[in-house]
Amino acid sequence: MSAIVERYAQKFEKSGRLSERGHRTIPNGAHLSRPLHPFPVYVEHAQGGLKWDADGNEIVDYMMGYGALILGHSHPKINEALTARLAKGTHMGAATPEELRWAELVSELIPSAERVRFTSSGTESTLLAIRLARAFTGKNKVVKFREHFHGWHDYVSMESGINTQAGIPPEAMATVIVAEPDVDELAALFEQDGDVAAVIMEPTGAHWGQFPVQNPSFLESVRELTARHGVVMIMDEVITAFRLSRGGAQGRYGVTPDLTTMAKIVAGGLPGGAVAGKDDIMSLLAPGNHPVHMSHPGTFIANPLSATAGIACLETLANEPVNERADAMAERLKAGLVEAMGRMEVIGHVHGVASIIHVVLGAECNDGGGISTLPHDELAERTAAQSGPLKLAMLNEGVDMMGGIGFIVSAAHGEDLIDRTSEAFENSLKALRAEGVV
């Protein structure tokens, strides 16, 4: 057992026991999209930029609800709104005024949102968007880019870097084309195959920008190509919506897709998602408004609790400098990480946009504008090798990274927490060096 793992097992001893208990009833012991070995940390409560685990350890958190909590944990405005809503009931089995205000806020902030339909998760959002595109165009195939992640349903699991193809019928896979994020390849695809209904993509690149799009004009080129060929452009903003700017990636870069998928921030940290887009496509969900009609039922769609949290979150984003605070703290953290690598004489670089940060050890390759220019396969190899050890080493120092590859910064991360994180990173590099990882 390595010294890092041994220290982890001792520091998080109660989590280890909880994990043993979890394996008796839950496959893999816990509901985590990113499994952690030898066992995950079990967290009991959180506030602002901090959380506390079963052993009482205080941890600076950069998981932030997998990106959902741009306001930080237990934000008072969201808590107060939810408390008031709970007293009125959790599910009316009817339409509520909350869903109207929630949809209005999304429309006000997201450029493409002529109409909005809520879902219960990001996976449901991408599934609904793809089905809308197919119904609207009368075509069958979808293009997704290599390792771009859009959830776990049958039409996006191929080459996602996280999911496997187990259980997906060959007939479903035959309707999905996995392409490199390359404009020329996409143009050739459209010329060769007239049955493409949609292109779906993460606007900053695969895995919340871990593998960034290298061509600065890529989004504009995809927009032009899809419009020319009658293909629906779906921008998956599950992570980037309301984070890269109040208007998401499309607001930041000035590229308006046909459909936008959302989750995480849109529901203020509660379960919820949305699909927004052009009225002529979204009208397929309104009986009598279009020759083709799609039904989209769901018991917890636009439920009052998620709507209430979403309203409180989006109103705060619209009226306070939330994005500005998170972005400023991310810049401070980037500088601290680079300085720590310099002091430790460790080769590496950081990249990312707005309040998203990625760390790569072992290679200097950054264009200075937030983009790592390392080739995809080399970047994948290096981050895969570092992610497990770095995640554990940082937890030993009281910091929880996102997947061991980066940080999602919130407006609740003050300078003290940022500087504490930079110090923890330097100490973690020492531990990694002692074990020959760097």
Side-chain angles (χ1 to χ4, degrees), residues 33 46 48-49 61-79 81-82 98-99 101-113 116-126 129 149-151 202-204 207-209 235-253 257 260-276 302-303 305-327 329-330 352-357 402 406-413:
S33 60
D61 185 29
Y62 293 97
M63 295 293 290
M64 282 291 126
Y66 296 101
L69 305 175
I70 195 168
L71 302 182
H73 291 284
S74 303
H75 192 275
K77 289 186 178 179
I78 294 178
N79 285 357
L82 285 173
E98 285 90 348
E99 68 181 280
R101 177 58 182 152
W102 195 15
E104 289 164 356
L105 282 163
V106 174
S107 292
E108 290 168 12
L109 294 170
I110 300 297
S112 66
V116 182
R117 182 77 183 186
F118 292 109
T119 66
S120 294
S121 70
T123 291
E124 289 182 33
S125 293
T126 61
F149 182 74
H150 309 292
E202 291 187 73
T204 56
H207 301 306
W208 52 290
M235 193 177 286
D236 185 350
E237 295 229 45
V238 165
I239 286 181
T240 58
F242 317 106
R243 181 173 290 281
L244 262 61
S245 75
R246 289 170 181 79
Q250 59 198 264
R252 186 183 183 99
Y253 299 123
T260 301
T261 57
M262 291 164 273
K264 299 185 187 294
I265 292 173
V266 76
L270 265 65
V275 176
N303 71 83
L305 290 178
S306 295
T308 295
I311 291 166
C313 180
L314 297 187
E315 285 184 342
T316 303
L317 277 165
N319 297 311
E320 297 182 17
V322 172
N323 296 93
E324 292 81 355
R325 286 200 298 266
D327 292 359
M329 290 301 99
V353 183
S355 54
I356 293 172
I357 301 173
M402 181 72 166
F407 304 82
I408 295 185
V409 183
S410 79
H413 287 97

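Atom OG1 of Thr204 sits about 10.0 Å away from atom CE of Met235, to the nearest 0.5 Å. In this structure, Met64 CE and Arg243 CZ are separated by 9.0 Å, a value rounded to the nearest 0.5 Å. The distance from atom SG of Cys313 to atom CG of Leu71, rounded to the nearest 0.5 Å, is 4.5 Å. Atom CG of Leu314 is separated from atom CD of Glu108 by 9.5 Å, given to the nearest 0.5 angstrom.
A pairwise comparison of heavy atoms in Ala249 and Leu244 identifies CB-CD2, 3.9 Å as the closest pair. The minimum heavy-atom distance between Phe118 and Ala274, with the atom names listed, is CD2-CB, 3.8 Å. Closest of all the heavy-atom pairs between Gly49 and Ala412 is N-CB, 3.8 Å. The shortest heavy-atom contact between Val116 and Ser107 is CG2-OG, 3.5 Å. Taking all atoms of both residues into account, the shortest heavy-atom contact from Ala307 to Ala302 is CB-O, 4.4 Å. In plain terms, the two heavy atoms of Gly151 and Thr123 that are nearest each other are CA-OG1, 3.2 Å.
In this structure, Glu124 has no side-chain hydrogen bond (donor to acceptor under 3.5 Å, both in side chains) partners at least two apart in sequence or on a different chain. Listed by chain and residue number, Leu128, Met282, Leu285, His296 satisfy the side-chain contact (heavy atoms from CB on, under 4.5 Å) test with Arg117 (two or more places apart in sequence, or in another chain). Shown here are the side-chain hydrogen bond (donor to acceptor under 3.5 Å, both in side chains) partners of Asp327, two or more places apart in sequence or in another chain: there are none. Every salt bridge (charged side-chain N to carboxylate O under 4.0 Å, His left out) that Glu98 has, sequence neighbours left out, goes to Arg85. The side-chain contact (heavy atoms from CB on, under 4.5 Å) search around Ala309 returns Ile78, Leu82, Leu270, not counting sequence neighbours. Every residue two or more places apart in sequence or in another chain was checked for a salt bridge (charged side-chain N to carboxylate O under 4.0 Å, His left out) with Arg252, and none qualifies. Residues satisfying the side-chain contact (heavy atoms from CB on, under 4.5 Å) test with Ala267, not counting sequence neighbours, are Trp102. For Glu104, there are no side-chain hydrogen bond (donor to acceptor under 3.5 Å, both in side chains) partners at least two apart in sequence or on another chain. Residues passing the side-chain contact (heavy atoms from CB on, under 4.5 Å) test with Ala411 are Val322, Arg325, sequence neighbours excluded. Take Asp236 and apply the salt bridge (charged side-chain N to carboxylate O under 4.0 Å, His left out) test, not counting sequence neighbours, and it matches no residue.
Ser355 places no side-chain N or O within 3.5 Å of a backbone atom of Ser410 that could act as its donor or acceptor partner. A donor-acceptor pair is defined here as one N or O able to donate and one able to accept, closer than 3.5 Å; no such pair exists between the side chain of Ser121 and the backbone of Ala263. Of the possible donor and acceptor atoms, one in the side chain of Glu202 sits under 3.5 Å from a partner among the backbone N and O of His207.
Among residues at least two apart or in separate chains, there is no salt bridge (Lys or Arg N to Asp or Glu O under 4.0 Å) pair with a member in residues 63-72. Sequence neighbours left out, the pairs with a member in residues 310-319 that pass side-chain hydrogen bond (donor to acceptor under 3.5 Å, both in side chains) are Arg101-Glu315.
Ion pairing between Glu324 and Arg246 holds under the 4.0 Å rule for side-chain N and carboxylate O.
Between Pro257 and Gln250 the shortest side-chain heavy-atom distance falls below 4.5 Å. Side-chain atoms of Ile110 and Glu237, non-hydrogen and from C-beta on, never get closer than 4.5 Å to each other. Counting only heavy atoms from C-beta outward, the side chains of Val353 and Tyr253 approach each other to under 4.5 Å. At least one side-chain heavy atom of Ile356 sits less than 4.5 Å from a side-chain heavy atom of Ile239.
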Yes or no on side-chain contact (heavy atoms from CB on, under 4.5 Å) for Leu317 and Ile265, after CA distance, side-chain angles and deciding distance? CA-CA 10 Å; Leu317 277 165; Ile265 292 173; 3.8 Å; yes
What's the verdict on side-chain contact (heavy atoms from CB on, under 4.5 Å) for Phe242 and Ile70, showing C-alpha distance, side-chain angles and the deciding distance? CA-CA 9 Å; Phe242 317 106; Ile70 195 168; 5.9 Å; no
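Ring geometry for His413 versus Tyr62: interplanar angle under 30°, hence parallel rather than tilted (30 to 60°).
Looking only at atom types and distance, the side chain of Thr261 has no donor-acceptor partner in the side chain of Thr126 under 3.5 Å away.
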